[in-house]
Amino acid sequence: MINKIIAEEKIQQVRKLLEKKEKIVITCHVSPDGDAVGSSLGLYHFLDGLGKEVNVVVPDLLPKNLLFLKGTKEIVVYTRYPEFAEKLISEAELIFCLDFNALSRIDRLQKAVSLSEAKKVLIDHHLNPEEFCDIIISHPEVASTSELIFRLICRMGMFDRMPLYSAEAIYTGMMTDTGNFTYNSNTPEIYYIIAELVKLGINKDRIYAMVYNTNSVDKVRLNGYAVSEKMEIFPEHKAALISLTREELKRYDYHKGDSEGLVNVPLGIEGIRFSTFLREDKEYIKVSMRSKGSFPVNKVAAEHFNGGGHLNAAGGEFHGTMEEAQKLLRSILPLYDKYMVKDKD
Ligand code: 5GP
Ligand code: MN
């Protein structure tokens, strides 16, 4: 048996809502990743199996490597079908907000969701959730929202009604939010849950291959170029910086998601504990940060790049030129040397 992490009271509240509500919308954060999509589809297939009228509505397009998951074709993407997305949200009786902690994270869906009179349930693992939902199930100590969906279904006593497609989506989210179980993954129960998912019939090796071994040639070349030509190392600050301009992205026929994971590469270098990736977008420079040990990248992102996130994975935006963003990053590195304490890893 797994420990009870979600409070019993909240489980009962969700169960009662599910008894009464038929029209349900599930939504997740902008630029949906494996956990956002995995938790959404995990819940979607389960509710579909209960006979609910359920739709997943997302702010923008899914990355290509998640399209193998059953149900992605049915997802309503706001940037494609804004009116339909708004209609579904306004008519919903119940909205699940998955894998985000602030309304601003759902981008263009913000207005529709905040205006909706539906009951709202937040299920998430980011720090400091804002209070925009009636029921808040927030567990930053849990590695993925997908794991929380598994726990919710089990605790409602409906594990035997979890469809295989739910199990596949949930595994995908658990896998991607832990870098294929290489970080945030020392909790023994994660492996108990995986065992249950495998027993349900998921092919975890196939899921890994679909997510990680389906890159385009351009993507692999872009990543190679970024590491060999565009990576700066600051050994005295145990830090690294990779930056890619729009021109460079264009050169490699950049598609959304093509630089996913690039920010982690410098952390594979001995002695490097803080990595930043700057990607020039249309309106701003997207900032991604990762760290090892106790170095707080969420602090750096919040203090200098209008962002936030987790201790070891954070992000933000910079409004200005690439040169200015690089200069800022280089100039603030000394301010954070004090957080480079001696961790074992
Ligand atoms: P990524 O680098 O994958 O885009 O983001 C890593 C994590 O940083 C996300 O899961 C999210 O928690 C946080 N994050 C990314 N971008 C932003 C942002 O613009 N604002 C805030 N507050 N958090 C962000
Ligand atoms: Mn997540």
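Whatever order the structure lists ligands and atoms in, that order sets their numbers, starting from 1.
- Donor-acceptor pairing under 3.5 Å is lacking for the side chains of Glu74 and Asn55.
- The 4.0 Å heavy-atom shell around ligand 1 contains residues Arg105, His126, Lys286, Ser288, Arg290, Gly307, Gly308, Gly309, His310, Ala313, Ala314, Gly315, Gly316, ordered by chain and number.
- A side-chain N or O of His126 and one of Asp124 form a donor-acceptor pair less than 3.5 Å apart.
- Aromatic pair His45/Tyr165: ring centres closer than 6.0 Å.
- Here the closest non-hydrogen pair linking Gly293 and Asn312 is O-ND2, 2.8 Å.
- Checking each of Phe295, Tyr336, Tyr339 against Phe274 for a ring-ring contact (aromatic ring centres under 6.0 Å, His included) leaves exactly one that passes, namely Phe295.
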Under 3.5 Å donor-acceptor pairs involving side-chain atoms of residues 107-119, not counting sequence neighbours:
{"unit_1": "Ser114", "atom_1": "OG", "unit_2": "Gln110", "atom_2": "O", "d": "2.9"}
{"unit_1": "Ser114", "atom_1": "OG", "unit_2": "Lys111", "atom_2": "O", "d": "3.1"}
{"unit_1": "Ser116", "atom_1": "OG", "unit_2": "Ala118", "atom_2": "N", "d": "3.0"}

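- Atom-to-atom distance recorded for Glu303:CD and Asn298:CG is 9.5 Å, nearest 0.5 angstrom.
- Around the Mn ion (ligand 2), the protein atoms of type N, O or S found under 2.8 Å away are Asp35 OD2, Asp99 OD1, His125 NE2, Asp177 OD2, listed by chain and number.
- Applying the salt bridge (Lys or Arg N to Asp or Glu O under 4.0 Å) test to every pair with at least one member in residues 251-268, sequence neighbours left out, gives these pairs: Asp60-Lys256, Glu247-Arg251.
- Residues His125 and Asp177 bring a donor and an acceptor atom of their side chains to less than 3.5 Å of each other.
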